[in-house]
Each structure stands twice: as structure tokens, then as C-alpha cells.
Number of protein chains: 2
Amino acid sequence: MASMTHSSLPLVFLCSLFCVIFSSFCYCKSLSSVTIDSLRASLEKQEDFIVFSLIERARYPYNSFAYDPSFLGNQNCSFVELFVRETEAMEARFGRYQNPEELPFFPDYAQPPLAPPHRFPNILHPPGASVNVSRRIWDMYFNDLLPLFTKKADDRNYQQTVASDLICLQALSRRIHSGRFVAEIKFRDSPQNYIPAIQAKDSETLMKLLTFTSVEEAVVKRVFKKAEIFGQNVNLGKNNVKEAESKYKVEPSVAAKLYQEWVIPFTKQVEVGYLLRRLI
Amino acid sequence: MASMTHSSLPLVFLCSLFCVIFSSFCYCKSLSSVTIDSLRASLEKQEDFIVFSLIERARYPYNSFAYDPSFLGNQNCSFVELFVRETEAMEARFGRYQNPEELPFFPDYAQPPLAPPHRFPNILHPPGASVNVSRRIWDMYFNDLLPLFTKKADDRNYQQTVASDLICLQALSRRIHSGRFVAEIKFRDSPQNYIPAIQAKDSETLMKLLTFTSVEEAVVKRVFKKAEIFGQNVNLGKNNVKEAESKYKVEPSVAAKLYQEWVIPFTKQVEVGYLLRRLI
């Protein structure tokens with residue numbers, strides 16, 4: 001912003017606005033059916049599945065051999081990486097990544113989809129659609145999160161373990177990369193709020209514009225509560241969390257930390273990354 | 001039983017008992033660590049994952065093309081069958097079916113496991129280990145259960161849909177085929193209760209011996225409650241099912257029906273099938 005004169009701002013703004021309006025007609029689907037409220041409702045539902053997926057993974061102990069690159073001997077990668085690569089390649093053949101909400105961790109597969117191709121509605125501005133923090137999600141999940149909610153033990157169920165890991169990773173990736181859709185809707189609702197910072201490539205201002213502390217705190221509290229409710233041991237005659245006196249399958253504080261330290265910040269980084277490409 | 005004289009019964013009984021005691025020493029692991037209580041606790045946990053898996057599947061509509069054999073054109077089977085076949089073949093390579101608790105729906109894969117082989121503890125009497133009702137689970141799931149808890153619609157997310165189906169199927173298969181382990185423990189706890197009916201190949205009497213109506217009713221009630229708790233829409237400030245006034249993600253009555261009409265009867269059929277092979 002500092003490099004532009006005040007007099008040039010309205011012209012640039014108008015041009016940008018024209019681009020926005022024109023490009024709106026080029027997308028596959030109008031935004032009429034997608035609102036920030038419908039998107040928030042979808043994100044809330046995704047919280048449930050993220051909590052479920054953590055609980056499912058917690059059925060198995062840490063199982064360190066699954067993450068040890070030397071375990072497979074003649075392979076160049078760990079058991080989990082090989083499993084995720086092969087699973088994603090297969091899922092791609094079955095059409096998973098035709099849906100723009102799904103992003104693979106290893107997109108270097110070659111085979112075309114088996115099923116008739118389908119063009120999913122896609123509201124994303126094409127340059128922003130490629131914003132991707134999969135590597136960061138992968139590292140966070142294995143280095144930071146997994147040791148927090150799994151027992152240090154080995155039960156040799158490595159396939160079941162890494163299949164559960166992949167379900168967690170996919171749920172987290174879908175939620176975090178939803179930031180692209182959130183950013184698009186926010187931008188379309190009030191482009192004038194974002195265009196100056198986008199043009200100035202001012203990530204810090206964009207991050208501030210996208211931060212709503214009270215909303216984020218409410219999300220973290222709700223995730224904590226979901227982990228309490230979904231992770232309790234249900235017994236007949238005991239009606240709710242308080243009465244059940246149960247040990248949770250995943251500590252609610254871990255689920256809350258996941259959202260507070262990683263899911264929310266990563267999502268906002270995706271939103272910023274998307275907006276920075278919004279006028280390209 | 002009718003074909004045997006009363007005088008020959010004690011001798012046959014003693015021989016059978018000797019076989020039981022001898023074969024106990026041949027198994028890979030003693031039963032000391034597995035009791036009917038530890039097995040019940042595991043079955044209770046499996047209820048949680050079955051309810052979670054139904055809720056996850058309910059995210060997607062019915063998506064009928066995934067089950068229509070004509071959808072893939074030049075393939076001889078439906079999208080879901082091809083997906084399950086290929087997934088199971090891959091999971092087998094990653095060692096899933098080395099664990100005797102896991103049974104594939106299509107066991108005709110050929111590739112050997114990638115990982116170093118592991119001999120899981122196996123308490124099953126070998127002839128009974130092959131008792132398998134996978135086909136019945138498959139038919140029940142697709143013909144009876146799925147239409148009860150999915151919306152009649154199509155969102156084209158076929159890969160995600162059938163991946164959720166497979167998670168449901170695997171959870172149900174594991175639970176139902178646990179009947180083999182339950183039958184083994186019950187038999188070992190009091191072989192004298194079962195041997196006469198086994199020798200007489202009297203399925204009806206075995207079914208009666210394995211039926212505990214009050215326990216089954218409690219399981220169905222607990223599953224209903226789990227579907228209420230896990231399928232509710234959690235909001236901040238609302239503490240339990242009654243207050244939340246939510247529409248459930250899967251009707252609790254469907255989860256209860258699943259257990260009452262299929263999971264419990266199928267498990268008992270597995271138990272009977274196992275016991276009938278227990279003295280071979």
C-alpha cells in the first residue's frame with residue numbers, strides 16, 4: 001500500500017472490482033447456494049468427524065515401527081508413507097480428487113479415474129485453489145499431535161493404525177483447506193475490505209482481518225465439549241458427561257489444543273494464501 | 001444325541017475333554033489373558049465405532065450409482081465391489097489380515113504382505129476360525145441397512161461414499177466374527193455345557209445355550225443411547241441429549257434395529273458355527 005499514491009487507489013480498486021465481477025461469471029457454479037453460514041455449518045460438522053477420527057486412532061497404540069523408515073528394509077519410505085501414497089493413488093482412480101474439497105498428500109499419481117468424470121461445482125478462484133499446507137499438516141500430525149493421544153506401546157496392527165492415521169489426516173486436511181472456500185466467500189461478501197491488503201501483499205493485515213478471537217474461542221470450547229461427549233464411556237443409567245465419571249478415549253484438552261494451536265492457525269494461513277492469489 | 005446310547009456318553013465326553021485339554025496346549029497363546037469380561041469390554045468399545053461409522057456414512061446421500069453394476073460400463077462388478085476388492089488386496093499387502101480378528105470380504109488376493117510377517121496370538125480352534133458370514137453381512141448392509149439411514153439423493157462423491165461403506169462393513173464384520181472368540185472362551189469356561197449338543201450337531205440347543213435375553217436387551221438399549229449421544233448436534237451451553245433438542249445424524253432406532261435384527265443374531269450364528277467345529 002505504501003508504494004501507491006492516494007490518487008491511483010480508486011482506479012485500481014475499480015479495475016479489481018471489475019475483474020472480480022467478470023470472473024464470477026466464469027466459475028462453474030454461482031455462489032447463490034453457498035453462504036458463510038452454510039460453510040460454518042459444514043465446518044461444525046467436520047469437527048465431529050475430526051473428534052471421531054482421533055478416537056478411532058486412539059484404539060491403537062503409537063506403534064512406532066509404522067513411522068520408522070528402516071522398517072520396510074528395501075523401501076525408501078516409511079510404512080505409513082507407502083500406505084498413504086498407495087491408498088491415495090487408488091482413491092484417485094476411484095475419483096476422490098475430482099471434488100475440489102479433497103487434496104491428496106502425495107499428488108504424484110498417474111492413472112486416470114475409472115468412473116465417468118464429473119465436474120463438481122467449484123467456487124474457488126483458480127490461482128487460489130492450489131494453496132496447500134498438506135506438508136505442514138503431515139508434520140504437525142506425526143510430530144506433535146500423535147504422541148499426545150496414543151499410548152507408547154506396540155500391538156503390531158500397523159495397517160489398521162496407518163489407515164486410522166490417514167482418516168485423521170484427510171479429515172484435518174479437508175477442514176484446514178476449507179479455508180480456501182471461507183476466504184472466497186468472505187472476499188465476495190465484501191471485496192473492498194480485502195483488496196487494499198491483497199494489492200499490498202500485506203499478509204499481516206489480512207491475518208488481522210480474518211481473525212475473530214471470540215469466534216475462535218467458541219470453536220475451541222465446542223471441540224473440547226465434543227471430545228467430552230463423543231469420547232465418554234456410555235453406560236446405561238448414566239445420562240451425561242458429568243454423571244458418567246468416565247475416562248475419555250481422547251483427552252478433551254488434546255482435541256482443544258489441536259484446534260487452538262494448529263487447525264485454526266493453519267486454516268487462517270490458507271485463507272491468507274488464498275486471498276493473496278485472489279486478484280491474479 | 002438321539003443316536004447315542006446313554007452308556008457311551010461318558011466315554012465320548014471324556015475323550016472330547018481330553019482333546020480339548022490337549023489342543024489347549026497347541027494354541028499360540030494361552031487363554032490366561034483373555035476372559036469373557038475382557039472380551040465383553042472389547043465388544044462394548046466396538047459398539048462406539050460401529051455407531052461412529054454409521055454417522056460418518058450418513059454424511060453422504062445414498063448415491064445409488066455406486067451400487068449399480070452397469071455404472072462402470074466395461075467392469076463386471078459395481079463401483080463399491082471393485083473398490084472393496086482393490087482396497088482389501090492392498091490392505092492385505094500391508095498385513096491387515098495377519099490379525100485373526102480381521103476377515104476380508106473378498107479373500108482372493110494373491111500378493112504377499114510387504115511388512116515382516118507377524119504371528120498374532122490366536123486363541124481360536126483352527127477348524128472354527130474359518131466360520132464366516134461375510135456374504136450375509138454384505139447383503140444385509142446394502143439391502144437392508146443402508147437405505148434406512150441415508151438420504152435418497154446423489155452428490156457424486158462415490159469414492160468417499162464407498163470408503164465409508166467399507167469402514168462400516170469392516171466394523172460390523174469384526175464385531176460379528178468376534179463371535180468366534182466369544183464361543184471359544186465360553187466353551188473353555190465350561191465345555192461340559194456344550195459338548196453334548198456339539199456332538200449331536202444340535203444347532204437349536206446351542207443357540208438356546210448362547211442366548212441371554214436380558215444381556216441382549218441391555219446391549220440394544222446401550223447402542224440406542226450411544227446413537228443418541230454420539231449423533232447429537234453439540235452446541236455450547238447445552239449439556240446433554242435431552243436439552244439439545246437435536247435431530248440425530250443417524251436415528252437411534254436404526255442403530256438399535258441393526259443390533260437387534262442383525263448384529264446379535266449373526267454373532268450367535270457365528271458362535272454356533274464355531275462350536276459345531278470345536279471338536280473336529
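A, B, ... follow the sequence lines: proteins, then strands. Residue 1 opens every chain.
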Pairwise distance [atom1]([X]) to [atom2]([Y]) - rounded to 0.5 angstrom:
X      : Y      : atom1 : atom2 : value
A:T87  : B:M90  : OG1   : CE    : 3.0 Å
A:K45  : B:K249 : NZ    : NZ    : 8.0 Å
A:N235 : B:K226 : CG    : NZ    : 8.0 Å
A:I167 : B:I167 : CD1   : CD1   : 3.5 Å
A:R174 : B:Q160 : CZ    : CD    : 7.0 Å
B:D155 : A:H118 : CG    : NE2   : 8.5 Å

Working for side-chain contact (heavy atoms from CB on, under 4.5 Å), residues B:N157 and A:F120:
CA-CA 9 Å; B:N157 284 303; A:F120 279 84; 3.5 Å; yes
Top residue by heavy-atom pair count (under 4.5 Å) with chain A, among B:R93, B:Q98, B:Q170, B:E101?
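Heavy-atom pairs under 4.5 Å are most numerous for B:R93.
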Does a side chain donor of either A:E102 or B:Q159 reach within less than 3.5 Å of an acceptor in the other side chain?
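Side-chain D/A pair, A:E102 to B:Q159: absent.
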Do the rings of B:F79 and A:F94 sit parallel, tilted or perpendicular, given the 30° and 60° boundaries?
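Because their plane-to-plane angle is over 60°, the rings of B:F79 and A:F94 count as perpendicular.
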With a sphere of 6.0 Å drawn around [atom1] of [X], does it hold more than 12 non-hydrogen atoms of other residues, nucleotides or ligands?
X      : atom1 : value
B:E44  : CD    : yes
A:F65  : CZ    : no
A:E216 : CD    : yes

Chain B heavy atoms under 4.5 Å from [X]: which part of the residue, side chain, backbone, both or neither?
X      : answer
A:A218 : both
A:F71  : both
A:I55  : both

Quick one: closest heavy-atom pair of A:F230 and B:F52, and the distance?
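What the structure gives for the nearest pair is O-CZ, 3.5 Å.
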Grab the two heavy atoms, one from A:V234 and one from B:R222, that are nearest each other, plus how far apart they are.
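The pair with the smallest heavy-atom distance is O-CD, 3.9 Å.
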Geometric cation-pi criterion, A:R59 with B:F49: 6.0 Å, 45°
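A:R59 over B:F49 ring: yes.
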